[in-house]
Protein chains: 2
Amino acid sequence: MARRKKPAAAIQSAERVLSLLDILAQEGTEMSLTQISQRLGVHISTAHRLATTAMYCGYVEQNPETDKYRLGLKCLHVANALLHQLDLRRIARPFMEKLAEESDETVNICVLDDGEVVYIDKAEGGASLRLFSRIGKRAPAHATAAGKMLLAHLALGDVEAILKEHGMPALTPQTITSFDELSAQLQEIRRLGYSMDDEECEEGARCVAAPLYDHTQRVIAALSISGPVSRFSVENLPRLISLVRECARDISQQMGYAD
Amino acid sequence: MARRKKPAAAIQSAERVLSLLDILAQEGTEMSLTQISQRLGVHISTAHRLATTAMYCGYVEQNPETDKYRLGLKCLHVANALLHQLDLRRIARPFMEKLAEESDETVNICVLDDGEVVYIDKAEGGASLRLFSRIGKRAPAHATAAGKMLLAHLALGDVEAILKEHGMPALTPQTITSFDELSAQLQEIRRLGYSMDDEECEEGARCVAAPLYDHTQRVIAALSISGPVSRFSVENLPRLISLVRECARDISQQMGYAD
DNA sequence: AAGGTAATTGCACATAGTGCAATAACACTT
DNA sequence: AAGTGTTATTGCACTATGTGCAATTACCTT
């Protein structure tokens with residue numbers, strides 16, 4: 001779905017403190033009160049009170065050397081609790097590890113959140129590029145195999161809203177930037193039962209994804225397998241596609257999907 | 001330091017919404033509005049407004065099938081941003097990987113937050129038990145090698161406050177539960193320059209830790225190496241102690257420490 | 001159709017949250 | 001050591017927001 005609908009009686013101060021966390025996350029470095037008040041659009045004394053309240057709760061901390069504010073470790077705690085609570089992760093884990101070993105590639109699970117794909121788990125094969133963990137990271141839906149798979153199972157109106165809001169930026173020369181071309185491809189993805197990112201997200205890398213269903217018979221996530229084009233060659237692709245589709249089906253069955 | 005001091009003008013609604021995240025994290029499963037209002041000590045309509053405000057911001061979501069509330073994926077996003085911003089992680093990473101390969105064990109970095117140790121990074125050797133990632137997890141300071149190392153570099157009053165608040169629960173038969181015994185051990189740790197968890201946190205597992213300093217010449221984190229007692233034998237310990245101390249020194253130098 | 005339970009919302013009122021201005025803290029310059 | 005500038009912090013008065021209450025809505029069970 002596109003951007004979340006603002007509730008009729010949102011609590012302003014609650015919204016502000018969560019926006020403070022967003023801003024600190026987005027900024028990438030510690031921020032002064034002046035910067036915070038400018039970004040939040042509030043008086044500096046208000047920014048101070050928001051920051052000190054968040055500090056008291058552990059979500060923000062102040063660097064004693066520079067007096068600037070940054071995210072606090074409670075954020076890690078809460079995220080960890082979230083990951084721990086995700087049924088899909090727990091159920092999928094053994095299957096992902098098996099697939100990672102069998103394929104010797106990197107396996108990920110993504111969900112769609114606010115129009116972007118979010119990585120919620122990852123398993124690595126021995127020969128993988130050993131990239132940093134992507135868990136928690138976001139990526140544009142239109143340029144990833146998992147994202148295209150998830151878009152393929154949304155209503156057309158929702159797809160249009162997402163692409164209107166996020167755009168279709170080109171990440172590589174191969175990225176699809178035309179709505180019509182993407183629509184056609186989503187239709188093909190529904191027909192084939194798998195999706196592919198052919199150097200659309202990252203040059204030199206290919207990715208194949210299959211849908212994960214749950215007991216409501218709806219697609220809730222995508223399972224993907226990715227690696228360098230040298231190993232994701234035309235000869236090897238059919239095998240990898242087959243592996244990821246079988247694995248996704250096995251996980252879906254454990255999630256209550258009846259196919 | 002012990003529990004954070006409440007600011008004179010904390011913003012109640014800001015505090016409440018962050019407490020909501022805490023409660024959802026702590027509960028471990030989705031919660032109804034009734035439960036949320038009871039735990040927060042507010043009217044159910046207030047709980048509803050807090051929850052829908054947090055939903056709008058992405059930190060909470062509502063399960064459409066049960067109408068219950070749970071943590072939202074924005075929590076992952078913010079935590080990821082936090083990890084990405086930690087200088088110590090970025091600087092330490094190559095050293096940790098080298099140590100993990102060299103020792104073939106699990107290497108972690110922990111910091112002290114609100115009287116507990118928090119795992120902020122981890123690298124694994126090939127022979128490791130391949131445990132789930134601990135990043136973001138907390139553990140009692142008194143029962144971990146990293147925790148004892150961090151306690152050893154605090155003022156005695158702070159140590160007392162932390163132990164008074166968190167207690168000294170026995171996690172295994174070997175866990176130290178006497179303040180006097182722990183104090184004596186912290187003194188020994190300062191003298192030796194490393195700490196050890198001898199099946200105090202987890203039976204069958206040993207852990208050795210060394211301090212990480214930064215340019216202020218103070219201890220900001222602990223580097224640890226852990227594994228099963230079979231590999232952390234009396235014969236092998238001196239080697240592992242030496243490896244972790246050298247690695248910690250190298251990381252500390254990169255952090256501006258002059259020893 | 002009726003009853004029960006929980007989520008949601010309109011409304012009026014009280015208080016919490018706010019901006020302003022003053023103060024405090026610190027670093028830098030002279 | 002004193003003065004200046006900048007940023008963080010806080011007391012205060014006012015008002016806009018947040019609140020609880022009660023009603024409504026939604027859904028499930030009998």
Side-chain angles (χ1 to χ4, degrees), chain A residues 1 4-24 27 29-72 215-216 218, chain B residues 1 4-24 27 29-72 215-216 218:
Chain A
M1 196 56 76
R4 305 172 195 87
K5 176 173 175 291
K6 181 160 183 166
I11 296 177
Q12 183 176 240
S13 299
E15 193 183 328
R16 280 175 170 172
V17 77
L18 295 176
S19 294
L20 169 59
L21 302 187
D22 288 344
I23 288 164
L24 291 172
E27 184 67 14
T29 182
E30 56 189 31
M31 296 176 74
S32 70
L33 274 182
T34 304
Q35 290 174 301
I36 292 172
S37 79
Q38 279 163 356
R39 295 283 290 274
L40 274 178
V42 298
H43 196 274
I44 196 164
S45 60
T46 303
H48 184 261
R49 290 190 186 93
L50 288 164
T52 52
T53 302
M55 270 178 68
Y56 168 63
C57 296
Y59 289 83
V60 162
E61 62 183 39
Q62 188 178 24
N63 183 342
E65 294 186 344
T66 62
D67 278 347
K68 292 186 171 187
Y69 296 85
R70 61 195 178 202
L71 290 168
H215 64 283
T216 66
R218 283 183 291 108
Chain B
M1 194 57 77
R4 304 171 195 89
K5 177 173 175 290
K6 182 160 184 168
I11 296 177
Q12 183 176 241
S13 299
E15 193 183 328
R16 279 175 171 171
V17 77
L18 296 176
S19 294
L20 170 60
L21 302 186
D22 287 344
I23 288 164
L24 290 172
E27 185 67 15
T29 182
E30 57 190 29
M31 295 176 74
S32 70
L33 274 181
T34 305
Q35 290 173 301
I36 292 172
S37 79
Q38 277 162 358
R39 295 284 289 274
L40 274 178
V42 298
H43 196 275
I44 196 165
S45 61
T46 302
H48 184 261
R49 292 192 183 91
L50 288 165
T52 52
T53 303
M55 271 178 67
Y56 169 63
C57 297
Y59 288 83
V60 162
E61 62 183 38
Q62 187 177 25
N63 183 342
E65 293 187 343
T66 62
D67 278 346
K68 292 187 172 186
Y69 296 86
R70 61 195 178 201
L71 291 169
H215 64 284
T216 66
R218 282 184 291 110

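Per chain, numbering begins at 1; letters A, B, ... match sequence-line order. Model, not experiment: these values are computed from the prediction.
Between the CD atom of A:Glu15 and the P atom of C:dA16 there is a distance of 21 Å, rounded to whole Å. Taking atom CG of residue B:Asn63 and atom P of nucleotide C:dA6, one finds them 16 Å apart after rounding to whole Å. Following rounding to the nearest Å, A:Ile36 (CD1) and D:dA8 (P) show an atom-to-atom distance of 8 Å. For the pair B:Leu50 CG and C:dT8 C1', the computed distance is 14 Å after rounding to whole Å. A straight line from CE of A:Met31 to P of D:dA8 spans 11 Å, rounded to a whole angstrom. Nucleotide C:dA6 holds its C1' atom 13 Å from the CD atom of B:Gln38, rounded to whole Å. Between the CD atom of B:Gln35 and the P atom of C:dT5 there is a distance of 16 Å, given to the nearest Å.
Separation of atoms CG (A:Leu71) and CD (A:Glu27) is listed at 11.0 Å; rounding is to 0.5 Å. Summarising the geometry, atom CD belonging to A:Glu30 is positioned 4.5 Å from atom CG belonging to A:Asn63; distances are rounded to the nearest 0.5 Å. Of the inter-residue distances, the one linking B:Lys68 atom NZ with B:Thr29 atom OG1 reads 7.0 Å to the nearest 0.5 angstrom.
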Polar-atom pairs under 3.5 Å, protein N or O versus N or O of nucleotides 13-18 of chain D: list them with distances, or write none.
unit_1, atom_1, unit_2, atom_2, d
D:dG18, OP1, A:Gln12, N, 3.0
D:dG18, OP1, A:Ser13, N, 2.7
D:dG18, OP1, A:Ser13, OG, 3.3
D:dG18, OP2, A:Gln12, N, 2.9
D:dG18, O3', B:Ser13, OG, 3.4

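Contact between the side-chain N/O atoms of B:Gln62 and the OP1/OP2 oxygens of C:dA6 is not found at any separation under 4.0 Å. Contact annotation: A:Thr34 side-chain N/O to D:dA8 OP1/OP2 distance is under 4.0 Å. The side chain of B:His48 places an N or O atom within less than 4.0 Å of a non-bridging phosphate oxygen (OP1 or OP2) of C:dT8. Put simply, B:Tyr69 has a side-chain N or O that comes within less than 4.0 Å of OP1 or OP2 on C:dT8.
The backbone N or O of B:Asp67 sits less than 3.5 Å from a side-chain atom of B:Gln62, completing a donor-acceptor pair. Checking side-chain atoms of A:Thr53 against main-chain N and O of B:Ile11 turns up a donor-acceptor pair under 3.5 Å.
Using a 4.0 Å heavy-atom cutoff across all strands shown, A:Ser32 reaches sugar-phosphate atoms only and no base atom.
At least one side-chain heavy atom of A:Leu18 sits under 4.5 Å from a side-chain heavy atom of B:Leu18. Counting heavy atoms from C-beta outward, B:Ile36 and B:Ile23 have side chains that stay 4.5 Å or more apart. Taking the side chain as every heavy atom from C-beta outward, A:Arg49 and B:Pro7 never approach each other to under 4.5 Å. For the pair A:Tyr59 and A:Val17, the minimum side-chain heavy-atom distance is 4.5 Å or more.
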Q) What string of B, S and - do you get for nucleotides 22-30 of chain D, 5' to 3', when a contact is any protein heavy atom under 4.0 Å? A) ---------
